Engineer: 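My structure is below; once you've seen it, I'll send some questions.
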Amino acid sequence: MSAVVKRRTLLLAAGATLAMPHLLRAQAPLRVGDQRGNARAVMQAAGVLEGVEGRFAWSEFPAAAPLVEALNAGAIDTGLVGDAPFTFGAAAGVPAKAIAATRQNQDGLAILVPKDSAVRSLQDLAGKRIATGRGSIGHQLVLAALEAAKLPADTVRLVFLLPADAKAAYSSGAVEAWSTWEPYVSQEEVLAGSRRIVDGNGITPGLSFQAARDDAIASRRPELEDFVRRLTVARRWANENIPAYAKSWSALMNVPEPVAVQWFTRARTRVVPIDDAVVRDEQGNIDLYSRAGLVRRRIQAEDILDRSFTATIQSA
C-alpha cells in the first residue's frame with residue numbers, strides 16, 4: 001500500500017472523530033506555538049491539515065523556552081515543549097497544564113563530542129565545557145547523566161546557549177561537547193561524524209508535553225481536542241511512512257534525507273495520554289531538578305498534568 005493510500009485510509013478511519021461542529025469553524029483560530037519542523041510539519045505531511053488550516057494560527061519559536069514565555073504571556077493557547085522547559089515553566093507559575101504527552105526512544109537525546117575528540121566517557125569531560133540550553137532537555141540530560149554516574153553537578157562547565165549558537169560554539173571548538181536533541185544529534189552524527197558519549201536511554205523518560213493555558217482548557221476544549229486528535233493521527237502516520245515523511249521534512253528544513261531517516265527510524269515519536277506512567281516520569285523530572293537546586297518551589301506532577309483528554313487521544 002502506498003504512503004498516499006495509507007494516509008487517506010488513516011484519515012477516513014478517523015473522519016468521524018475529526019469532524020467538528022460548524023460553530024468551531026466560526027470561532028477565532030486556536031493559537032498554536034511550534035518549533036520549525038515539529039508539529040506543523042508532521043501534520044502537513046500526514047494531510048491532517050487539509051481544508052482546516054484556518055482553524056489554527058501558528059507561531060514559530062526558535063526553542064522551547066520562548067514558547068513557554070509566550071504561553072505565560074497569553075500570546076498562544078497551546079504548544080509542544082520538552083518535559084524540562086515545561087517543568088521549569090510550571091515551577092515559575094505559568095498558568096498551563098499538559099493535556100497530552102509524546103514519547104520517543106532516547107538515542108537522539110545525547111551529549112556529543114567531535115569525531116576526533118579524545119573524550120570517550122562522561123568522566124573524560126570533567127572540567128570541560130558542555131553547550132546546552134538552560135532549562136532544556138539537553139540540560140536535563142547532563143544533570144541526569146552526572147547523577148547516574150555519581151558525579152557532582154559541578155564536574156562539568158555548562159555553557160547555556162540557544163541551539164544555533166550552541167552549534168556554532170561546538171563546531172568552532174569553543175566548547176568540548178554539546179548536549180542536544182534531534183534533529184541536531186542526527187545532523188552531527190550523519191554529516192560530521194560526531195560521537196555520542198551519553199544518550200538518554202535509561203536515564204531520562206523521553207517525554208514532551210502538549211501544554212495548554214488553563215483558560216484555553218476552560219474555554220476552547222473542542223478546538224484543543226481537535227488539535228490533539230489530528231496530531232495523534234499525524235504521528236502514527238509518520239511512524240508508518242518514514243521514507244515519505246523524511247522526504248517531506250527534509251525538503252522543508254533543507255536537511256539531507258539520511259538525517260531525517262535516522263532520526264525518525266530510531267525515535268518512533270508517538271502521542272500518548274496523560275496516564276500513571278507519565279505522571280510518575282514527570283514527578284521524577286521534578287525531583288531531579290529539586291535535588292539540583294533548580295526548582296525551589298515544590299510542585300506535584302499530578303497538579304500540572306491534565307488527564308481529561310485521554311479519551312480524545314485513545315479514539316484517534
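Bear in mind that the values here come from a model prediction, so they are computed numbers and not experimental data.
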Engineer: Provide the closest heavy-atom pair for Ala145 versus Val198 in the form atom of the first, atom of the second, distance.
Structural biologist: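 Result for this residue pair: CB-CG1, 3.9 Å.
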Engineer: Who clusters with Val278? Use side-chain heavy atoms, under 4.5 angstrom, across I, L, V, M, F, W and Y, and order the result by chain and number.
Structural biologist: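 In the cluster with Val278 are Phe61, Leu67, Val68, Leu71, Ile76, Val81, Phe86, Val94, Leu207, Phe209, Val272, Ile274, Val279, Ile286, Ile299, Ile304, Leu305.
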Engineer: Hey, are the side chains of His139 and Phe160 touching, using non-hydrogen atoms and a 4.5 Å cut-off?
Structural biologist: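 With C-beta onward as the side chain, the pair touches.
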Engineer: Name all residues meeting the side-chain contact (heavy atoms from CB on, under 4.5 Å) criterion together with Asp215; count only those two or more places apart in sequence or in a different chain, and write none if there are none.
Structural biologist: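 Here the qualifying residues are Arg213.
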Engineer: What do the steps show when you test Trp263 against Glu189 for side-chain contact (heavy atoms from CB on, under 4.5 Å), and what is the final call?
Structural biologist: CA-CA 10 Å; Trp263 173 16; Glu189 286 181 317; over 6 Å; no
Engineer: Under 4.5 Å between any side-chain heavy atoms of Glu182 and Val185, yes or no?
Structural biologist: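 Yes, side chains in contact.
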Engineer: Ignoring hydrogens, what is the shortest heavy-atom contact between Leu122 and Ala149? Give both atom names and the distance.
Structural biologist: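 Nearest pair, atom of Leu122 first, then Ala149: CD2-CB, 4.1 Å.
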Engineer: If you look at every heavy atom in Asn72 and Gly93, which pair is closest and at what distance?
Structural biologist: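 That would be OD1-O, 4.3 Å.
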Engineer: Under 4.5 Å between side-chain heavy atoms, hopping through other hydrophobics if needed: is there a path connecting Trp237 to Leu80?
Structural biologist: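 No, it is not one cluster - the side chains of Trp237 and Leu80 are not joined through contacts under 4.5 Å.
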Engineer: If you round to the nearest 0.5 Å, how far is CD1 of Ile217 from CG of Asp306?
Structural biologist: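 Asp306 CG to Ile217 CD1: 5.0 Å, rounded to 0.5 Å.
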Engineer: Given the rule in the side-chain contact (heavy atoms from CB on, under 4.5 Å) test, do Tyr289 and Gln140 qualify, once you have shown the distances and angles that lead to the verdict?
Structural biologist: CA-CA 8 Å; Tyr289 301 136; Gln140 178 194 93; 2.8 Å; yes
Engineer: Can you find a heavy atom in the side chain of Val42 that is under 4.5 Å from one in the side chain of Thr269?
Structural biologist: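 Heavy-atom side-chain distance check fails, nothing below 4.5 Å.
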Engineer: Are the charged groups of Asp226 and Arg230 less than 4.0 angstrom apart, N to O?
Structural biologist: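 Yes, Asp226 and Arg230 are salt-bridged.
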Engineer: Could you check whether Asp287 pairs with Arg298 (Lys NZ or Arg NE/NH1/NH2 to Asp/Glu carboxylate O, under 4.0 Å)?
Structural biologist: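 Salt bridge present between Asp287 and Arg298.
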Engineer: Look at the side-chain heavy atoms of Ile, Leu, Val, Met, Phe, Trp and Tyr, link any pair under 4.5 Å apart, and say whether Ile99 and Leu231 land in one connected group.
Structural biologist: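 As far as the 4.5 Å side-chain criterion goes, Leu231 and Ile99 are connected within one cluster.
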Engineer: On a heavy-atom basis, which atom in Ala211 and which in Thr78 lie closest, and how many Å separate them?
Structural biologist: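 Closest heavy-atom pair between Ala211 and Thr78: O-OG1, 2.7 Å.
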Engineer: Side-chain contact test, heavy atoms from C-beta onward, threshold under 4.5 Å: evaluate it for Ile111 versus Trp178 and give yes or no.
Structural biologist: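 Sidechains of Trp178 and Ile111: no contact.
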Engineer: Spell out, yes or no, whether Val295 and Leu288 are grouped together once hydrophobic residues are joined by side-chain heavy atoms under 4.5 Å, including indirect joins.
Structural biologist: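 Yes, Val295 and Leu288 fall within the same hydrophobic cluster.
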Engineer: For the side chain of Thr265 and the backbone of Gln262, is there at least one donor-acceptor N/O pair under 3.5 Å apart?
Structural biologist: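 Not confirmed, Thr265 side chain does not pair with Gln262 backbone.
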Engineer: Do Arg103 and Asp281 pass the side-chain contact (heavy atoms from CB on, under 4.5 Å) test, and can you show the C-alpha distance, the side-chain angles, and the key distance before you say yes or no?
Structural biologist: CA-CA 11 Å; Arg103 287 195 182 274; Asp281 285 344; 2.8 Å; yes
Engineer: Does Ile137 reach the side chain of Thr204, with side-chain heavy atoms less than 4.5 Å apart?
Structural biologist: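 Sidechains of Thr204 and Ile137: no contact.
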Engineer: I want to check something: taking the side chain as every heavy atom from C-beta on, are Gln283 and Glu302 in contact at a cut-off of under 4.5 Å?
Structural biologist: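 The answer is no, as the side chains (C-beta and beyond) never meet within the 4.5 Å cut-off.
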Engineer: Where the side chain of Arg236 meets the backbone of Ala316, is there a donor-acceptor pair that is under 3.5 Å apart?
Structural biologist: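 The answer is yes, because a donor-acceptor pair under 3.5 Å joins these two groups.
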Engineer: Please check if Val113 and Val190 belong to a single hydrophobic cluster, counting links between Ile, Leu, Val, Met, Phe, Trp and Tyr side chain heavy atoms closer than 4.5 Å.
Structural biologist: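 In one cluster: no.
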Engineer: Hey, could you give me each pair passing salt bridge (charged side-chain N to carboxylate O under 4.0 Å, His left out) that has a residue in residues 69-86? Not counting sequence neighbours.
Structural biologist: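 Of all non-adjacent pairs touching residues 69-86, those that pass salt bridge (charged side-chain N to carboxylate O under 4.0 Å, His left out) are Arg31-Asp77, Asp77-Arg220.
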Engineer: How would you list all residue pairs meeting salt bridge (charged side-chain N to carboxylate O under 4.0 Å, His left out) that involve residues 117-132, not counting sequence neighbours?
Structural biologist: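 As it turns out, the salt bridge (charged side-chain N to carboxylate O under 4.0 Å, His left out) pairs with a partner in residues 117-132, which skip direct neighbours, are Arg129-Glu176.
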Engineer: Using the side-chain contact (heavy atoms from CB on, under 4.5 Å) criterion, which residues pair with Arg40? Sequence neighbours excluded.
Structural biologist: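 Only Asp34, Gln44, Leu49, Glu53, Trp58 meet the side-chain contact (heavy atoms from CB on, under 4.5 Å) criterion with Arg40.
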Engineer: Out of curiosity, does Ile242 fall in the hydrophobic cluster containing Val48 (side-chain heavy atoms, cut-off under 4.5 Å, transitive links)?
Structural biologist: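 In one cluster: yes.
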Engineer: For Arg195 versus Ser117, what's the shortest heavy-atom pair and its separation?
Structural biologist: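 Shortest heavy-atom contact: NH2-O, 2.7 Å.
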Engineer: Arg297 side chain to Ala90 main-chain N or O, any donor-acceptor pair under 3.5 Å?
Structural biologist: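 Between the backbone of Ala90 and the side chain of Arg297 there is a qualifying donor-acceptor contact (under 3.5 Å).
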Engineer: So, taking the atom named CG in Leu141 and the one named CG in Leu109, what distance separates them when rounded to the nearest 0.5 Å?
Structural biologist: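 Answer for the CG-CG pair, Leu141 versus Leu109, is 4.5 Å.
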Engineer: Which distance, rounded to the nearest 0.5 Å, do you find between the OH of Tyr170 and the OG of Ser179?
Structural biologist: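 Going from OH on Tyr170 over to OG on Ser179, the span is 11.5 Å.
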Engineer: Report the distance from atom CG of Leu143 to atom CG of Leu158, rounding to the nearest 0.5 Å.
Structural biologist: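 Atom-to-atom, Leu143:CG and Leu158:CG are 7.0 Å apart.
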Engineer: Roughly how far apart are Phe309 CZ and Arg229 CZ, rounded to 0.5 Å?
Structural biologist: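 Going from CZ on Phe309 over to CZ on Arg229, the span is 10.5 Å.
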Engineer: Supply the atom-to-atom distance Leu30 CG to Glu225 CD, rounded to the nearest 0.5 angstrom.
Structural biologist: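 Leu30 atom CG to Glu225 atom CD measures 11.5 Å (nearest 0.5 Å).
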Engineer: Within the 4.5 Å heavy-atom criterion, are Thr310 and Asp275 side-chain neighbours or not?
Structural biologist: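 With C-beta onward as the side chain, the pair stays apart.
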Engineer: Could you report the tightest heavy-atom contact between Ala41 and Trp249, atom names first, then the distance?
Structural biologist: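 Looking at all heavy atoms of both residues, the shortest contact is CB-CD1, 4.2 Å.
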Engineer: Quick check: are there more than 12 heavy atoms from other residues, nucleotides or ligands sitting under 6.0 Å from CZ of Arg134?
Structural biologist: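 Check fails, neighbour count at 12 or below.
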Engineer: Would you say that Phe227 contacts Met43 through its side chain, given a criterion of any heavy-atom pair below 4.5 Å between the two side chains?
Structural biologist: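 Yes; the side chains approach each other to less than 4.5 Å.
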Engineer: Output every pair passing salt bridge (charged side-chain N to carboxylate O under 4.0 Å, His left out) with a member in residues 107-119, not counting sequence neighbours, ordered by first then second residue.
Structural biologist: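 Pairs touching residues 107-119 that pass the test: Asp107-Arg196.
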Engineer: Any Lys/Arg nitrogen of Lys97 or Asp214 sitting under 4.0 Å from an Asp/Glu carboxylate oxygen of the other?
Structural biologist: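 A salt bridge links Lys97 with Asp214.
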Engineer: Would you say Arg268's side chain and Asn239's backbone share a donor-acceptor pair under 3.5 angstrom?
Structural biologist: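 Indeed, once roles are kept as given, a pair shorter than 3.5 Å links the two residues.
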Engineer: Determine whether a donor-acceptor pair (N or O, by modelled atom type, separation under 3.5 Å) exists between the side chain of Ser194 and the backbone of Pro114.
Structural biologist: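 Not a single qualifying donor-acceptor pair exists.
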